[in-house]
Each structure stands twice: as structure tokens, then as C-alpha cells.
Amino acid sequence: MCGRFSLSSDPARLAVELDAVDEASAPPPGLAPAEGPLAPRFNIAPTTTIAVLALDTPRERYEEGRAGAAAGAVGGADAAAPTRVMRAMRWGLVPSWARDSQKLPNLFNARVETAFEKPAFRAAVRRRHCVIPMDGWYEWVPGGPATPGGKAGPRQPFHMSMPGDRGLLMAGLWETRRDPDDESVTQLSCTILTTEAVGPLRQMHERMPLVVSPDILADWLDPGVIGDPRALVDGAGYDLAQWADAVEIRPVSRAVSGVRNDGPELVRRVDPDEGMLF
């Protein structure tokens, strides 16, 4: 799965690197979250505002009920190609039809194998693909028992990243929802797609976030090209086994378990046997 990650770059820098317009640093009026994500962040948890790369959607197309009319207005042979935009979104997808988001489970991950059939995700599978930039993500592995047959030891956190501080682009879906308290505001939210873990990552968790190769980024962002997220697993992107073999896995401080803790020390390698708490 992917329930915590780190990102050192701010939205403006990400927008330059990904050839996008930065609307995440200062979100336009009428969108929520109304404030951009903080950066750098080394302990990003669900419900946090994060930077997300997607194709621009004209404001009149945000609402599902108006999508058909808007498509006719902007479609056709003379329609301009969609622009890449960095947007501020809530990490934890809220479906457009949800009346009370507080009663929903926190949909911060979606299984790539079943997202297309789940009511919460299937509209986004058809229309709204995105990527979530990150430096790396965390998983927690139960420690070994102190004595044979005894209780498992404290869970050890690990940080997964690419060599040389190369960033990652994780596949996601995003959604819009009209604010039930203010219909002039459109809420943006997203989820990270996961797939079955492969290679050494299976030692961390049975699931892993689904990475998108820069070579197919444009195709993934456009659901008209890659309509089924499962294509990313079936060879449309990286060879996932080779990619997993290249991921650096390092033990880090147990301080990352506290969501209020933040700072570059959380991603530094530590010796698990020498005590992990500050």
C-alpha cells in the first residue's frame, strides 16, 4: 500500500520539471483545498493537501452533469490540447456523489485490479487520471520476537526511494465534488493506485504504489489513450520487476510513525538495532 510518503520539491519546481502550469502553490478561487501544499514535507499522511499533476479540465466540466454539453463546446478538430496542471488536492478521494465525506472510509489508495468496478473510483478511471510526485514512501514491517514463539517486536519503518534522489511519479485518480455547504466551491481529491508488490518490495508489504514511467506520462494522463489503469501493470510502463529491484530500501527512525513529526532526519538510514526514538 502507500499510506505515507515524502516530497522535498515545492509545486512550482515540480511544474517546471513536468512541463505544467502551477496552480497548486496558489489555488484559483472556487477550488478547495484553497491553500497549496507545504514543502518540503517528509511525513505526508492521508487527508493532507498534496501536489498532483493532471490534465487541465475546464471549470464547466468539473461537474459530471455538465460534462456532455461542455465536451461539445470544447471538442472538435480545432480544440487545443489539454494543458498539464499542478493542482492542490486532498489525499483521500471523495466521490462526487458523496453527501457526507466524514462517513466515508479514507480512500487514499485504490487497487488497480478493481478500481474500474468500484462506485467510488469508476468515474475517475474513465475521465480523470493523474500522478502524485514523491521522493519515496514508507512501509512498516513487524519486528522479530525477542524470544522464540514470543510477541512480534516493534514495527520497523522503511523508506523506499530511487537511487540518486530521483523522484517518483505514482499513478493516481482524481475526483471533483461540489461543496455541499457552498456550491460555488469545487473540492478536488485524489487516490494513489496500488498493485501487487514484486521483487524485494514484497518483504515490505503485499501491495506497492503503481509507478508511471516518464516515457508514458502523457499517455497515462489522457484516459483516451490509456483508459484502463491495469495497462500500467501489463507492460505499458516500466518493467515493474526491474523497477522494484532498483528501489533503495532503508530502515528509518520510528519517529516517522507520529504524523506530527516532520523533517529530513525521518528519511535518513538508521541502524535498527541501536534504538530508533529521538
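In this structure the side chain of L169 reaches within 4.5 angstrom of the side chain of L217, judged on heavy atoms. The shortest distance between side-chain heavy atoms of E175 and C190 does not fall below 4.5 Å. By the 4.5 Å heavy-atom criterion applied to side chains, F158 and E248 are not counted as neighbours. In this structure, I226 and I216 have side chains that are in contact, with non-hydrogen atoms separated by less than 4.5 Å. Looking at heavy atoms from C-beta onward, L18 lies in side-chain contact with M86 at the 4.5 angstrom threshold. The closest side-chain heavy-atom distance from P154 to W140 is not below 4.5 Å.
The CE atom of M170 sits 14.5 Å away from the CG atom of L53 when rounded to the nearest 0.5 Å. Between the CG atom in D19 and the CG atom in L14 there is a gap of 13.0 Å [rounded to 0.5 Å].
The aromatic rings of W91 and F108 stand perpendicular to each other, their planes meeting at an angle above 60°, with 30° marking the opposite boundary.
Applying the salt bridge (Lys or Arg N to Asp or Glu O under 4.0 Å) criterion to R13, with sequence neighbours excluded, gives E17.
Listed by first then second residue, pairs satisfying side chain to side chain donor-acceptor pair (under 3.5 Å) with a partner in residues 33-50 read R4-N43, R41-D262, not counting sequence neighbours. Pairs passing the side chain to side chain donor-acceptor pair (under 3.5 Å) check and including a residue from residues 188-200, sequence neighbours excluded, read T194-R207.
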- Give the C-alpha distance, both sets of side-chain angles, the deciding distance and a yes or no for side chain to side chain donor-acceptor pair (under 3.5 Å) between R250 and S161. CA-CA 9 Å; R250 58 180 178 273; S161 61; 3.1 Å; yes

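Note: the hydrophobic cluster containing W220 does not contain V85 (ILVMFWY, side chain heavy atoms under 4.5 Å, direct or indirect links).
More than 12 heavy atoms of other residues, nucleotides or ligands sit less than 6.0 Å from atom CZ of R84.
A side-chain donor-acceptor contact under 3.5 Å links D135 and S8.
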